[in-house]
Trainee: 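The following block contains the structure, expressed as structure tokens.
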Amino acid sequence: LLNVADPDVLWVGGEAPPRFVHARPSDVSRRLGQAFDAVVLDLHAGLDADVLGQCHGMVWGGGSLLLRMPDTPPARGRERLAVHPFVATDVGMRFWARFDRCLSRSETDGGARPIEPASHDARGTDEQAAVVARLASTLADPTPSFSMLLADRGRGKSSAMGLALAELDASTRVAVSAGERGSCAEVLRHAGGRARFVRLVDLLRGEERYDVIAVDEAAQLPVPTLQRLVALHPDARIAFASTVRGYEGTGRGFVLRFLEWLEELGRPLARHTLLEPIRWAPDDALERLVFDALLLDAEPGTPPCNAAQEAEHTILDRDALRQDDALLRSFFGLLVHAHYRTTPGDLHRILDAPNLRLHAMMHAGTVVAASLVAIEGDL
């Protein structure tokens, strides 16, 4: 790390050298939207699936995610999943074992080498330019409307939002907001002074009117909060950006609740997506590793039409499940679709929380129904 400028290194957990930016694991989510040449994640106090995903999302292309790993799986951190009457020693280590297996089969560079500064050469794609043009056109129209921009991390959704805002007329009153100011830093940077940050709490007071409101990292915010924002600004053009499969929440709240609610309001609603990565190369090895380890792309299987009549009930053995990627993906993928806000931490709980039992209806090796049963207290 000696070759990297101090402010370009984020050190998460553990004891960090004083010259680097340091964050506790619980505070990492507040930095979503920022990017660093290198992110160091200390795992000696345990592996938090949510934090791992968030750290990956903050690495520039050409940069590095460094994992400081103990020689053996750490006993610390297990207490997070110990629900009464269970204790930390009852918590499994299946998620760690599966993560170790994902590391061993990945194509990331596990060798020791000097870390160099990233190029920061994040060039836009034709796909992004087309989205910027469509978004700018919608936001320039005085008709109250909604825009939704959904993409995986590294696809340039925040910069696309900012570039669209930069094209607006100088007389347009533009507010940019997020759960934290740092979360919308890229939007503000690309807006080039055409927008100003407004705290969410101030927008929810509804005292000041804006022509355009842009909300970045919106999946971090509760759906009722977003609904209140919409209700308080009925004359504005409001744009939301969110990750699709993710680190702070999968965005299912938009698909299953918020997006449907917006459609019922009757205002114009434009949906935009970005598929091509900008911050890193297509088919990036580190992205593949994180998606593999956290099952960010898990999807349910497609059951045949007679599955309901012929399916058989089973209680899944979690020791066997961690070795069966196809079954785990099918089970977890169905739960992701059923629940409006799933995070990677839920995968960790499914594998290791001692109070959970995993029930499934199976048909021809496919999970057609899934249920989690939680033992809570003495119930």
Side-chain angles (χ1 to χ4, degrees), residues 1-81 93 95-118 152-154 180 182-183 243 246-249 279-280 284-296 343-348 351-352:
L1 292 174
L2 294 177
N3 297 328
V4 182
D6 298 351
D8 292 330
V9 177
L10 174 65
W11 192 295
V12 179
E15 295 294 328
R19 61 195 185 92
F20 296 143
V21 179
H22 182 247
R24 295 178 300 179
S26 59
D27 294 334
V28 172
S29 62
R30 298 179 183 178
R31 294 184 175 274
L32 289 176
Q34 301 180 38
F36 297 85
D37 287 356
V39 178
V40 181
L41 176 57
D42 193 309
L43 301 181
H44 287 76
L47 172 59
D48 186 315
D50 292 331
V51 174
L52 172 64
Q54 291 161 0
C55 287
H56 162 252
M58 291 188 288
V59 178
W60 275 104
S64 299
L65 174 63
L66 291 86
L67 303 178
R68 299 192 71 241
M69 301 180 66
D71 293 330
T72 58
R76 295 170 61 189
R78 298 166 69 180
E79 64 280 355
R80 291 183 294 108
L81 301 184
M93 295 300 292
F95 183 79
W96 182 281
R98 185 180 181 279
F99 177 62
D100 197 45
R101 191 171 81 250
C102 290
L103 282 176
S104 65
R105 68 190 182 202
S106 76
E107 298 175 10
T108 54
D109 180 12
R113 60 180 177 83
I115 304 301
E116 301 293 338
D152 288 333
R153 287 212 173 277
E180 299 283 341
S183 297
T243 51
Y247 315 136
E248 75 275 39
R279 198 189 301 165
W280 43 75
D284 178 72
L286 179 57
E287 184 178 57
R288 288 202 312 273
L289 164 63
V290 174
F291 269 61
D292 183 24
L294 304 182
L295 295 187
L296 295 179
T343 72
D346 292 314
L347 175 64
H348 194 173
L351 288 175
D352 288 334

Trainee: In Å and rounded to the nearest 0.5 Å, what is the CD to CZ distance from Q54 to R153?
Mentor: 8.0 Å

Trainee: With a 4.5 Å cut-off on side-chain heavy atoms, are P70 and H44 touching?
Mentor: yes

Trainee: How far apart are the closest heavy atoms of P73 and M93, and which atoms are they?
Mentor: CB-CE, 3.3 Å

Trainee: Would R78 and W96 satisfy side-chain contact (heavy atoms from CB on, under 4.5 Å), going step by step from the backbone distance to the final call?
Mentor: CA-CA 11 Å; R78 298 166 69 180; W96 182 281; over 6 Å; no

Trainee: Could you grab the distance from atom NE2 of H348 to atom CG of D48, nearest 0.5 Å is fine?
Mentor: 8.0 Å

Trainee: For D352, what residues pass the salt bridge (charged side-chain N to carboxylate O under 4.0 Å, His left out) criterion, not counting sequence neighbours?
Mentor: R94

Trainee: Indicate yes or no for a side-chain donor-acceptor contact from D37 to the backbone of D8 under 3.5 Å, with no hydrogens or angles considered.
Mentor: no

Trainee: Please name the pair of heavy atoms, one in A293 and one in F95, separated by the smallest distance, quoted to 0.1 Å.
Mentor: O-CE1, 4.0 Å

Trainee: Between G345 and D50, what is the shortest heavy-atom contact and its length?
Mentor: N-OD1, 2.7 Å

Trainee: If you take all heavy atoms of V12 and R24, which pair is closest and at what distance?
Mentor: CG1-C, 4.4 Å

Trainee: Restricting to non-hydrogen atoms, name the atom on V59 and the atom on L65 that form the minimum distance, rounded to 0.1 Å.
Mentor: CG2-CB, 4.2 Å

Trainee: Quick check: does any side chain N or O of S64 sit under 3.5 Å from a backbone N or O of L66, one acting as donor and the other as acceptor?
Mentor: no

Trainee: What's the spacing between L289 CG and H56 NE2 if we round to 0.5 Å?
Mentor: 8.5 Å

Trainee: Let me know which of V39, V40, L103, D42 forms a side-chain contact (heavy atoms from CB on, under 4.5 Å) with L67.
Mentor: L103

Trainee: Kindly determine whether R68 and W11 satisfy side-chain contact (heavy atoms from CB on, under 4.5 Å), including the steps that lead there.
Mentor: CA-CA 10 Å; R68 299 192 71 241; W11 192 295; 3.5 Å; yes

Trainee: Closest heavy-atom contact between R31 and A23?
Mentor: NE-CB, 4.0 Å

Trainee: Does the distance from a Lys or Arg side-chain N to an Asp or Glu carboxylate O, for R98 and D292, drop under 4.0 Å?
Mentor: yes

Trainee: Does R76 have any side-chain hydrogen bond (donor to acceptor under 3.5 Å, both in side chains) partners at least two apart in sequence or in another chain, and if so, which?
Mentor: none

Trainee: Is the CD atom of E107 crowded by more than 12 outside heavy atoms at less than 6.0 Å?
Mentor: no

Trainee: Report the distance from atom CD of Q34 to atom CG of L10, rounding to the nearest 0.5 Å.
Mentor: 8.0 Å

